[in-house]
Amino acid sequence: MPKHAHGHDTKHFRAHRNFCFACGKDNPHGMHLKFFLDDDGKHFVCRFRLSDRFWGPPKHAHGGIIATILDEAMGKVNKLRHVVALTKEITIDYLKPVPLNKPLRVESREQRVRGREHVNVAEILDQKGEVLARGRGLFIAIDPHKMFAKFVDR
């Protein structure tokens, strides 16, 4: 598996362009998050800073942006199994306010897989390693060629 996790591609599915709001390099208004597979080959990591455009409470990130980051991080874990899986359900624990304009990282890993169901977890941490938010998501593996055939080039 490559160290860098580009978009939502797998070895079985390739999209020509990536307009994903969270990770899409082709989305001019997106967040452009870049995920990397950690040395253990089981965790994805993304280091980032949130600008003022993601403002929620004073000087801190909007809860929807926090959920977006955690959802994206958890979704990247499905690459380990070479599947495209869509979010069915996520739970977010907002533990502490997530600051703007500070170094942050998100880490994600697989919790369990049963058939098409993939359960993944993620955490947003500050520069001291303190967990600010935590997510758990249920993802359902799909056949992207069937589900999105009319929207993607083969």
Connected-component partners of V131 among ILVMFWY, side-chain separation under 4.5 Å
L95, L125
Can you list the other members of the hydrophobic cluster that holds V119, where links are side-chain heavy atoms under 4.5 angstrom apart?
L138, I140
Which atom of [X] lies closest to which atom of [Y], heavy atoms considered:
| X | Y | value |
| --- | --- | --- |
| Y94 | G63 | OH-O, 2.9 Å |
| F54 | I65 | CD2-CD1, 3.5 Å |
| A85 | F139 | CB-CB, 3.7 Å |
| L132 | P99 | CD1-CD, 3.8 Å |
| I90 | M74 | CG2-CE, 3.9 Å |

If you round to the nearest 0.5 Å, how far is [atom2] of [Y] from [atom1] of [X]?
| X | Y | atom1 | atom2 | value |
| --- | --- | --- | --- | --- |
| L33 | I69 | CG | CD1 | 6.0 Å |
| E110 | H43 | CD | NE2 | 10.5 Å |
| K34 | C23 | NZ | SG | 11.5 Å |
| L70 | R134 | CG | CZ | 10.0 Å |
| F48 | F35 | CZ | CZ | 8.0 Å |
| K76 | C46 | NZ | SG | 9.0 Å |

Pair N101-D52, side-chain hydrogen bond (donor to acceptor under 3.5 Å, both in side chains): steps then yes or no
CA-CA 7 Å; N101 303 301; D52 287 345; 2.8 Å; yes
Counting N and O atoms only, with roles assigned by atom type, does the side chain of [X] sit under 3.5 Å from a partner on the main chain of [Y], one being a donor and the other an acceptor?
| X | Y | value |
| --- | --- | --- |
| D26 | F19 | no |
| H32 | F21 | no |
| S108 | A73 | yes |
| D38 | D40 | no |

Just by distance, no angles: are the side chains of N120 and N78 close enough, under 3.5 Å, to form a donor-acceptor pair?
yes
Do the side-chain N and O atoms of T87 and D71 include a donor-acceptor pair separated by under 3.5 angstrom?
yes
Could I get the full list of salt bridge (charged side-chain N to carboxylate O under 4.0 Å, His left out) partners for [X], not counting sequence neighbours?
| X | result |
| --- | --- |
| E117 | none |
| R116 | none |
| R136 | none |

Within-4.5 Å side-chain heavy-atom neighbours: [X] and [Y]:
| X | Y | value |
| --- | --- | --- |
| M31 | L50 | yes |
| C20 | E72 | yes |
| V113 | R81 | yes |
| V77 | F44 | yes |

Residue pairs involving residues 54-67 (criterion side-chain hydrogen bond (donor to acceptor under 3.5 Å, both in side chains); sequence neighbours excluded)
none
Hey, quick one: are I92 and L104 part of the same hydrophobic cluster, counting side-chain heavy atoms closer than 4.5 Å, chains of contacts allowed?
yes
Could you tell me whether R53 atom CZ has more than 12 heavy atoms of other residues or ligands within 6.0 Å of it?
yes
The test is side chain to side chain contact (heavy atoms under 4.5 Å, CB included); show your working for V83 and H118 and say whether it passes.
CA-CA 10 Å; V83 298; H118 297 252; 3.8 Å; yes
Regarding E107 and R105, does a basic nitrogen lie under 4.0 Å from an acidic carboxylate oxygen?
yes
